[in-house]
Amino acid sequence: MQQTEFLNVVLPFKDKLYRLAKRLLVSKEEAEDATQEILMKLWSKNNMMEGYNNVEAYAMMMTKNFCLDRLKSKQAGNLKLVHSNYKDENVSLQNELEVSDSLSWIERIMEELPEQQKMVLQLRDVEQYEFEEIAELLDMSATAVRVTLSRARKTVREKLVQKHNYGIK
Amino acid sequence: MELNNIEKLLEKYLEATTTVVEEEMLREYFTKEEVPLHLKEYASMFQYFSIAKEEKFTKKVPLKPRKRSYIKWISVAAVSILIFGIYFGRSYQEQREAEYAYQETKKALSLLAANLGKGTEKVAYLREFEETKQKIYNKN
């Protein structure tokens, strides 16, 4: 496979890899590095890749494993993820900015979710994957995916309602 | 879409029993229409999800052209050719040396044979001499 051909294969899902990596690693730079690494790994395994009929699922799986490994080693090494893409909550009090404010709240709320819930929510509500695909990717049963997703959605909603109420008070 | 319907769908949404299509309907509703106040949090959620989906990976990926494997195989081939070359070259050399030695020996042997022939010729003269000598003795 040639370089351009490879890039065409990868093009439709490279953003998905990045978004999943960012959801897990939070930091933009870390996510970019992770995605880059995954794509380079795929490229070096190029010949093997043609054997997989679903390259996207394979790449997503690689990304998931890579990010979880990284998080684990970070935890073990007692390092904190450093990232600068937090928005300052206190900057905007005006009404126009209220919407974008609550959007960044959601991001914060999702950061606090357990990893499994984060991934399920990301894959379903952002990437719109089917339950079966998510189940296969995360090595869970479809029922477990459903339960996790329901829990994640409820948590996000509840926390959001809380924040809204604090905002009013 | 009717509010009633939306609320039902939202209930299913929280239980995670909606299909992707139904969720797409919700997303459309909450990103386009004026949303009643008690559903405001859903609006933020669906808006966030749509925005999150827009995020793009923009970093360049430096893909090295994969020459390495070729070079590896070429070097393997070169080394094997070299070894074969040395092996066969040496045996060819030996063969040539043996051939040369054989030719030399043959030459030496034929030289010897020729000289030996000369020797017997001379011995023939000797016999002639002997015969004449006998004749002379007999006459006396």
Side-chain angles (χ1 to χ4, degrees), chain A residues 2-3 6-7 10 14-19 21-23 28-29 31-33 35-40 43-44 46-47 98-107 109-110 120-122 124-131 145-154 156-161 163-164, chain B residues 3 6-73 76:
Chain A
Q2 287 306 304
Q3 228 185 75
F6 173 79
L7 290 175
V10 158
K14 70 171 172 46
D15 295 330
K16 290 186 193 177
L17 303 183
Y18 169 64
R19 291 192 291 255
K22 194 175 166 224
R23 180 66 63 209
K28 194 172 177 240
E29 288 79 19
E32 278 175 348
D33 287 350
T35 314
Q36 196 176 42
E37 194 111 338
I38 295 297
L39 289 175
M40 270 152 57
W43 168 246
S44 65
N46 207 330
N47 294 329
E98 205 179 287
V99 176
S100 76
D101 225 25
S102 61
L103 295 189
S104 67
W105 278 347
I106 297 176
E107 195 150 300
I109 291 167
M110 277 183 79
V120 171
L121 204 58
Q122 171 73 17
R124 178 63 174 201
D125 278 349
V126 180
E127 310 296 355
Q128 290 160 305
Y129 275 41
E130 292 289 346
F131 282 125
V145 171
R146 216 174 278 272
V147 172
T148 313
L149 181 61
S150 165
R151 209 167 283 162
R153 282 172 174 171
K154 282 178 182 162
V156 171
R157 179 178 168 255
E158 267 162 36
K159 289 205 173 162
L160 204 54
V161 170
K163 294 241 179 186
H164 274 303
Chain B
L3 192 60
I6 290 292
E7 278 173 347
K8 264 184 201 156
L9 273 184
L10 283 175
E11 230 164 85
K12 278 176 78 185
Y13 172 78
L14 284 184
E15 293 308 319
T17 48
T18 37
T19 62
V20 170
V21 180
E22 286 170 330
E23 282 164 23
E24 193 48 47
M25 279 157 64
L26 283 174
R27 190 194 290 250
E28 204 145 297
Y29 175 83
F30 281 108
T31 46
K32 288 211 179 106
E33 287 173 54
E34 197 67 30
V35 179
L37 207 69
H38 68 288
L39 299 178
K40 212 175 145 198
E41 69 270 16
Y42 291 106
S44 329
M45 279 170 76
F46 283 105
Q47 277 165 25
Y48 171 75
F49 293 143
S50 322
I51 290 168
K53 207 184 176 178
E54 293 304 308
E55 210 163 342
K56 297 254 186 301
F57 176 67
T58 46
K59 207 170 173 183
K60 281 255 174 193
V61 185
L63 295 176
K64 284 179 220 125
R66 278 163 307 166
K67 272 186 203 152
R68 269 179 306 149
S69 62
Y70 288 118
I71 289 171
K72 205 170 75 192
W73 284 113
V76 167

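Throughout, a chain's letter reflects where its sequence line sits, starting with A, and its residues are numbered from 1. Not measured: the values here are computed from a predicted model. The figures that follow rest on heavy atoms only: side chains count, while hydrogens, waters and symmetry mates do not.
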Is [X] close to chain B through its backbone or its side chain, or both, or neither, when contacts mean heavy atoms under 4.5 Å?
| X | value |
| --- | --- |
| L17(A) | neither |
| Y129(A) | backbone |
| R157(A) | both |

Does the ring center of F30(B) lie less than 6.0 Å from the ring center of Y48(B)?
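Between Y48(B) and F30(B), which both carry aromatic rings, the centre distance is not below 6.0 Å.
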Non-neighbouring partners of R146(A) that pass salt bridge (charged side-chain N to carboxylate O under 4.0 Å, His left out), sequence neighbours left out:
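Scan of R146(A) (salt bridge (charged side-chain N to carboxylate O under 4.0 Å, His left out), adjacent residues dropped) gives none.
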So which part of T58(B) gets closer than 4.5 Å to some heavy atom of chain A, the side chain, the backbone, both or neither?
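It is the side chain, since no backbone atom gets that close.
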Side chain from CB out, backbone as N, CA, C, O: work out which of these in Y42(B) comes under 4.5 Å of a heavy atom of chain A, or both, or neither.
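Contact with chain A involves the side chain of Y42(B) alone.
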Output the option from R153(A), Q36(A), R151(A) having the highest count of non-hydrogen pairs under 4.5 Å with chain B.
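Sorted descending by pairs with chain B, the first entry is R153(A).
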Between R19(A), K14(A), E32(A), which residue shows the highest count of heavy-atom pairs closer than 4.5 Å to chain B?
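The option with the most such pairs is R19(A).
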Under 4.0 Å between a Lys/Arg side-chain N and an Asp/Glu carboxylate O for R124(A) and E23(B)?
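Yes, charged N to carboxylate O under 4.0 Å.
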Hey, is K53(B) close enough to D15(A) for a salt bridge, meaning N to O under 4.0 Å?
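D15(A) and K53(B): not salt-bridged.
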Chi angles and distances behind the side chain to side chain contact (heavy atoms under 4.5 Å, CB included) call for Y29(B), L3(B)
CA-CA 10 Å; Y29(B) 175 83; L3(B) 192 60; 3.6 Å; yes
Going through the checks in order, is the salt bridge (Lys or Arg N to Asp or Glu O under 4.0 Å) test met by R27(B) and E24(B)?
CA-CA 5 Å; R27(B) 190 194 290 250; E24(B) 193 48 47; 3.7 Å; yes
